[in-house]
Amino acid sequence: MRWSNYYLMTAREAPRDAEVISHQLMARSGLVRRLAAGIYTMQPTGWRTLRKLMAIVRRRMERAGAVELSMPAIQPAELWEESGRWARYGVELLRMEDRHGRRFCFGPTHEEVVTDLVRRDVKSYRQLPINLFQIQTKFRDEIRPRFGLMRGREFLMKDAYSFDADEEGLDRSYRSMHAAYSRIFEACGLEYSVVEADQGAIGGSSSHEFMVLADTGESAVASCAACGYGANVERAEVGELPAPPAGRGEAPIEVSTPGTTTVAQVAELLEVKPAQVVKTLIYETDDGLAAVAIRGDREVNEVKLLNVLGGLGLRLATAGQVEAATGGPLGFSGPVGLSADVRLVADRSARALAGFVCGANRGDRHFASVRWDRDVASTRPVERVDVVTAVHGDPCPRCSGGELRLSRGIEVGHIFKLGTTYSEKMNCTFTDDGGRLRPMEMGCYGLGIGRTAAAAIEQGHDRNGIIWPKPLAPFTVVLCSLDPGAEPVRSAADGLYGELVDRLAPAGFDVLYDDRAERPGVKFKDADLVGFPVRVVVGARSLANGGAEVSNRSGGEREVVALDEVCEAVVGRLQR
RNA sequence: CGGGGCGUAGCUCAGCCUGGUAGAGCGCACGGUUCGGGACCGUGAGGCCGGAGGUUCAAAUCCUCUCGCCCCGACCA
């Protein structure tokens, strides 16, 4: 491709709305152009990168036995009502009506459509397993799209859906997708980690996220260097926290604590550490109110809490609800004397304390020297749970001695075992080898195409621009002719261009020939900005030095090689 | 949806407080000098100052309403 005939415009400055580096560089290097909030045109170079990524994804999916198809983006409401998600999905689902008033949505995901398809076609265990995938434009009406392609409303996603006869089959499908994803991100040269993820209200038994490590990531990840445990902070378990020494005291002591509604105030007044106070939060759940006790210096993880309490959602109770449930005002709740009608769960961090301070369920009163067994568990049930939010340095839940480390990541892939959630609701059944009708075991596997490209830039850039991993660069090689209007540079560069194309195309590499009538500085800046992995420069100086100059965007050795050896030098660099 | 901010040339921004004929840099076009890390000089094109109402002799500027965009938060198979 000759740049003079190509559509690639770069800019010195990024648009003001570009916040993160990947978005700024994508905009400056002419890869994408914003059309509306969270909606982008992929310009020719950006599209080349996505096409290369999609080719890698397709190859790996097919090697893992998945079969590509293409499902409609527009989906009828009836299917979503069948799965129950028309009501549940919320405002993120872009809904519309046709001229007859029939309701549709623009698909944010395709469980319903693929389940409908498979239930019509597949009737026997002999036809299983099946894994169908597509790469398609999705639309999610995000409350707040941001960071360019990282969180768009319209975006390209590879989604695959597996159907198996039993759980062992689902395990196999899941493992094979797990492996395929790992190969894909390795092929892209990305540094990533696989972490346990929350399944959300959709249920299922297992879920993993593929995280590209980057400071700008929107997800927080807890991981243990000692044993390799990793989890989204949303669900990260925490090992047993060391308990402070037990306090003394024969019975709870009621103390006056006027106006102290926060742990910090109570701790200061009573001259104890926040870690010796038990904080009690009252939540409203689908099954009524629940009290959560946690160590005063720690925070409740509501995702973990929801998984413990069950139901679809929870929220902090209002002051009125707290007063009705505990008999005391907001800010003075505690487990001692709490009505047995209120479910009480105690985080292990709180349960490990002995002789602690907690609210007395009376205004301006706390208890000190409280013990769980003597003062609480003797009169009512207390569940011991893990609902604490993991913080840096917490003990690892899986190994002894390991510490959790918090880092940020970009969620580029998410795989789920759905089990029979959808197949039961939508009656997607088959006849097993014993003649019984059974729901299929399903899995679903998403991979963000644009987000992965953005993540590659977050991980690969310097102050001059993008440093693409070779497989994702829009062109693997840029050939800069520093004097395209004059001989002998022109004919040398033209000749090299032809040779490079002939030699590289069969190997899957491509060349952009910068034959524009621009000054050398402009060409170098643009080549760095767009981030072509290998650069070949032909100019009067390089010819005088014996040929063309070859270098890598990522740095390292720059060499001048004879014109007839340039192809070999380039290939050598590409294969390294 | 709550809080904050911004809409002026293709891009980045000044002008607004204190109303008086719309500016700069980059980019673009033309001419000249340059030519290995975003050159320089000159000339020029390019704006319903997001939109609608209002106040005023006069509005980019003040007031009201709207639309769009960005940031923080809540939300998110």
Side-chain angles (χ1 to χ4, degrees), chain A residues 9-20 23-24 27-30 33-39 80 83-86 88-93 107-112 114-115 138 140-148 151 153 157 159 161 197-204 207 209 218-219 232 234 302-303 306 312-316 411 414-419 421-422 425 442-446 448 463-465 480-486 489 514 516-530 535-545 548-549 551 558 560:
Chain A
M9 287 62 149
T10 60
R12 229 182 251 258
E13 286 168 304
R16 189 176 36 174
D17 58 16
E19 181 78 1
V20 296
H23 187 193
Q24 291 170 355
R28 281 188 58 205
S29 59
R33 172 80 113 237
R34 193 183 66 83
L35 181 64
I39 301 180
W80 285 71
S83 71
R85 289 208 292 183
W86 186 260
R88 280 237 342 263
Y89 207 95
V91 291
E92 210 174 282
L93 184 63
T109 174
H110 279 68
E111 282 82 5
E112 282 82 359
V114 76
T115 305
K138 300 284 191 273
R140 295 183 187 180
D141 199 357
E142 294 278 350
I143 296 173
R144 189 147 92 79
R146 61 182 128 183
F147 300 160
R151 180 177 289 273
R153 292 194 295 169
M157 174 169 151
D159 47 327
Y161 305 89
D198 187 67
Q199 285 88 259
I202 198 64
S207 159
E209 288 169 332
E218 290 191 275
S219 307
N232 192 310
E234 281 183 351
E302 293 190 352
V303 174
L306 181 62
L312 291 178
L314 51 79
R315 62 163 194 228
L316 279 168
E411 180 194 340
H414 199 161
I415 58 179
F416 289 81
K417 285 186 188 174
L418 294 173
T421 314
Y422 288 90
K425 277 193 180 123
M442 290 175 57
C444 74
Y445 316 92
R463 38 196 281 277
N464 294 317
C480 298
S481 169
L482 296 191
D483 199 354
V489 173
D514 189 352
R516 298 173 299 167
E518 292 286 353
R519 294 165 54 85
V522 172
K523 298 193 177 204
F524 293 142
K525 288 290 185 192
D526 276 347
D528 285 352
L529 177 60
V530 183
R535 189 183 76 186
V536 179
V537 176
V538 182
R541 185 190 293 180
S542 77
L543 290 178
N545 288 341
E549 179 190 293
S551 60
R558 188 185 287 195
V560 175

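No engagement by A/Met442 is indicated, since no non-hydrogen atom pair under 4.0 Å with the nucleic acid exists. Among the heavy atoms of the strands lying under 4.0 Å from A/Ala14 are primed sugar atoms or P, OP1, OP2 only; no base atom is included. Note on A/Cys480: nothing from the nucleic acid sits closer than 4.0 angstrom, heavy atoms only. The residue A/Arg34 sits close only to the backbone: its heavy atoms come under 4.0 Å of sugar-phosphate atoms, none of a base. Nucleic acid contact for A/Arg541: base, since at least one base atom lies under 4.0 Å from a heavy atom of the residue. Within the nucleic acid shown, A/Glu13 comes within 4.0 Å of at least one base atom, counting heavy atoms only. When heavy atoms are screened at a 4.0 angstrom cut-off, A/Ser542 is found touching base atoms of the nucleic acid.
Scanning atom types as modelled, one donor and one acceptor separated by under 3.5 angstrom connect the side chain of A/Arg535 and the base of B/rG37. Between the base of B/rA74 and the side chain of A/Arg315 there is no donor-acceptor pair shorter than 3.5 Å. Between the side chain of A/Asp526 and the base of B/rG38, at least one donor-acceptor pair of N or O atoms lies under 3.5 Å. Contact annotation: side chain of A/Glu549 to base of B/rG36, donor-acceptor pair present below 3.5 Å.
Comparing B/rA74 with B/rA58, their C1' atoms are spaced 47 Å from each other, to the whole Å. Comparing the same atom, P, in B/rG51 and in B/rG7 gives a spacing of 14 Å after rounding to whole Å. Here, B/rC13 and B/rG5 have their C1' atoms 16 Å apart, quoted to the whole Å. Comparing the P positions of B/rG20 and B/rU61 gives an interatomic distance of 11 Å, to the nearest angstrom.
In this structure, A/Leu482 atom CG and B/rG36 atom C1' are separated by 6 Å, rounded to whole Å.
Listed pair A/Arg16 / B/rC13 meets the phosphate criterion, a side-chain N or O lying under 4.0 Å from OP1 or OP2. The phosphate of B/rG27 has OP1 or OP2 within less than 4.0 Å of a side-chain N or O from A/Arg12.
Across all strands shown, B/rG37 remains unpaired; no Watson-Crick or G-U wobble contact has both distances below 3.5 Å.
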Exercise. Start with the C-alpha distance between A/Ser542 and A/Glu549, add both sets of side-chain angles, then the distance that settles side chain to side chain donor-acceptor pair (under 3.5 Å), and finish with yes or no.
Key: CA-CA 6 Å; A/Ser542 77; A/Glu549 179 190 293; over 6 Å; no
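Annotation: of the two residues near RNA chain B, A/Val522 and A/Glu111, the 5′-most nearest-nucleotide partner is A/Val522.
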